[in-house]
Amino acid sequence: MLKAALPLNRRSFTQCTAVSDVGHECEELLSREVIQNRLEEYTCSKDLKLGRHLHRSIVSNGLDTASDLGDYLIRMFSSCGSLPEADLIFCKIAKPSLYSWHSIMSAHALLGDGLTTINLFHSLEQQGLKPCKFIFLSLLTALRKLKCLPEGRLVHSQILSDGLDSDVVIGSTLIDMYTKCGSLDEARKVFDVLPNLNVVSWNAMIAGFVQQQDDTTAFEFFSKMQKSGIQPTKFTFSCVLNACINVDQGMQIHDQVMLSMLESDVVVGTALMNMYAKCGCVAEAHKAFDRLIHPDLASWNAIIAGYSQRGYGSSALELFRKMIKQNIEGDLITFSSVINACASIGAIEVGRLVYNEIVAKRLELDVVVGNSLIDMYAKSGYLQEAHKILTTLSSRDLVSWNTLIAVYAQHGNCRLVQQCLWDMIKEGTKPDERTFLSILAACSHAGSVESGRKYFVSMVEDFGVTHSADHFNCMIDLLGRSGHLKDAKLFLGSVPELPSSFTGWTSLLAASDKYRNMEVGRQSFGRLSVLDPVCGSGYVLMSNIFAGAKVDQRSFETAKASERCWCFESGRESL
DNA sequence: GTAGGGTTAG
């Protein structure tokens, strides 16, 4: 924990001070005001080199122990991203003012993990200092980062007892803290009693609803805000664009963005790209990207991901090459999308190059990039390499296991599927509906009827995973393929009437063809004809069954007509 | 004080 430094001897500098005039060739006398102005300048320009130079001069003149210059130095180092140097300054300040405490707490809340901010708050109180509004703001920022809801509530009660709760900045920060900690109800309570709402309070609330995927309420608040006479800002737009559920809604927001002249703002523009890509309008997303004057890494990542996710792997790689040509370095987010694109188009060599780049840059492989690599290797048939990635990952998750299990299932390797299932359970990862879909598919491909039945029961009883229509269809496929046609039909009877039961009846018809079972075949064909009267594959399969039974085309036509009558008569009967 | 970018099936 940081401690305030003991009082040090320091020169008085009430008037003029000899300090090297950084950025200028000669050394001259600089007033305290000029030093402060220079430090502010470097804070804004984030010029660490010039800032350090000026700091050395301040130290050599023994001025770094004064609270006022120290505050400027802390802010400068914090703005330049150097937390250790900001810490050193704070430790050297003889008598830190509340403003000094705020500066260092804020630096830790923004750059650090937030824990030091909390520790600093306790030190401040232990020294008998009364926290002001700004101290609380830094503290709330740290608690938001750490998602410490109970501590956040304690700070809220302290704010209430200090009578600071009606302050709109404190109120907005409390709303933000509560939403980020997942308590939308408490955020709403703060919002409802704030005497003066401003656009930040509304934005914090809207962002909370978007984060909780309550798009309807997010739009309701967006509308209420405008009705109350408050104009949306770039923050508002970047939030609500995330809540758009269709392109019409997205285009309406886009119109408002244009009217507000915010189309070329890098964050709003990226949110627009993301919205269009999500709605399937990749060309529009690309137009939004082209409108950005200075796209940053997040913008590049959004457009690459947009193409990659919509199945345009080649375009995604093309943009990635363009980005490299412009000397923009990718990060793990870029790499995960690029690897995903490689997997979709089978560009395994490009994927390998990207992986080598990650290793060369000594970036620690995170779970998302790891999962993309597992998927790429698995899809390209390099199962051992896929497995190796999984074992080398420092943290694996459900997606890692599901990706590998799915590919083993596709290859019908029940032994490895089962091994993975045990390993994931041993690690404490609970299998989900996708895991069991792969497991049942593996059993189906391997013809392991009894294992399939066992897993079908176990998934609900032992793991609490609910059966979906896909699981039923998988069982029907498994039973049908192995000749258990009656059991397959029983399963079909228990499938809720979902469009996907079409898949089940097709599986059963295919199984009837395989096992030359005219009776079940006719029933399946009848049911399929009700679900889709022009189903081509149904006619082909039924035709095969008749052909196998040496029934000529004429008999088939007759049978087809009789099936239709039968369907109308018994369509609602349970088969 | 508030905002944008990444991974699993068929």
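Numbered from 1 within each chain, the chains take letters A, B, ... in sequence-line order. Since we're looking at a predicted model, the values are computed, not measured.
- L393(A) has its CG atom 13 Å from the C1' atom of dT8(B), to the nearest Å.
- Of the candidate nucleotides dA9(B), dG4(B), dT2(B), dG4(B) has the atom nearest to the side chain of N242(A).
- No side-chain donor-acceptor contact under 3.5 Å links N340(A) to the backbone of A343(A).
- Closest to the R434(A) side chain, of the nucleotides dG6(B), dT8(B), dG4(B), is dT8(B).
- Listed nucleotides dG4(B), dA3(B), dT8(B) differ in distance to V266(A); the shortest reach to its side chain belongs to dG4(B).
- Under the 3.5 Å distance criterion, with hydrogens and angles disregarded, a donor-acceptor pair is assigned to the side chains of W401(A) and E427(A).
- Rounding to whole angstrom units, CZ of residue R396(A) and C1' of dT7(B) are separated by 16 Å.
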Residue pair W300(A), F320(A): steps toward the ring pair (Phe, Tyr, Trp, His ring centres under 6.0 Å) verdict: CA-CA 8 Å; W300(A) 281 99; F320(A) 178 54; 9.6 Å; no
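- One atom, CG of L262(A), and another, P of dG4(B), lie 15 Å apart when rounded to the nearest Å.
- Looking at the side chain of Q410(A), the nearest of the listed nucleotides dA9(B), dT2(B), dT7(B) is dA9(B).
- Judged by atom type and distance alone, S238(A) does not reach the base of dG4(B) through any side-chain donor-acceptor pair under 3.5 Å.
- In this entry the distance linking OH of Y408(A) with C1' of dT8(B) reads 15 Å, nearest Å.
- Look at N402(A) and you won't find any side-chain N or O under 4.0 angstrom from OP1 or OP2 of dT7(B).
- Taking only distance into account, the side chain of T270(A) meets the base of dG4(B) through a donor-acceptor pair shorter than 3.5 Å.
- The Q309(A) side chain lies nearest to dG6(B) when the options are dT8(B), dG6(B), dT2(B).
- Listed candidates were dG1(B), dA3(B), dT7(B). Nearest to the side chain of V200(A) is dG1(B).
- Counting only distance, with no hydrogens or angles, the side chain of K145(A) and the backbone of L110(A) share a donor-acceptor pair below 3.5 Å.
- At dT2(B), none of the side-chain N or O atoms of K234(A) fall inside 4.0 Å of OP1 or OP2 (strictly under the cut-off).
- Relative to the side chain of D265(A), the nucleotides dA3(B), dG6(B), dT7(B) differ in distance, and dA3(B) lies closest.
- A salt bridge links E385(A) with R352(A): the distance from a Lys NZ or Arg NE/NH1/NH2 to an Asp or Glu carboxylate oxygen falls below 4.0 Å.
- With dT8(B), dA3(B), dG1(B) as the candidates, the nucleotide lying closest to the side chain of V267(A) is dA3(B).
- Here the nucleotide nearest the side chain of N340(A), chosen from dA9(B), dT7(B), dA3(B), is dT7(B).
- Here the side chain of S201(A) is nearest to one of dG1(B), dG6(B), dG4(B), namely dG1(B).
- Here L437(A) lies in heavy-atom contact (under 4.0 Å) with a base.
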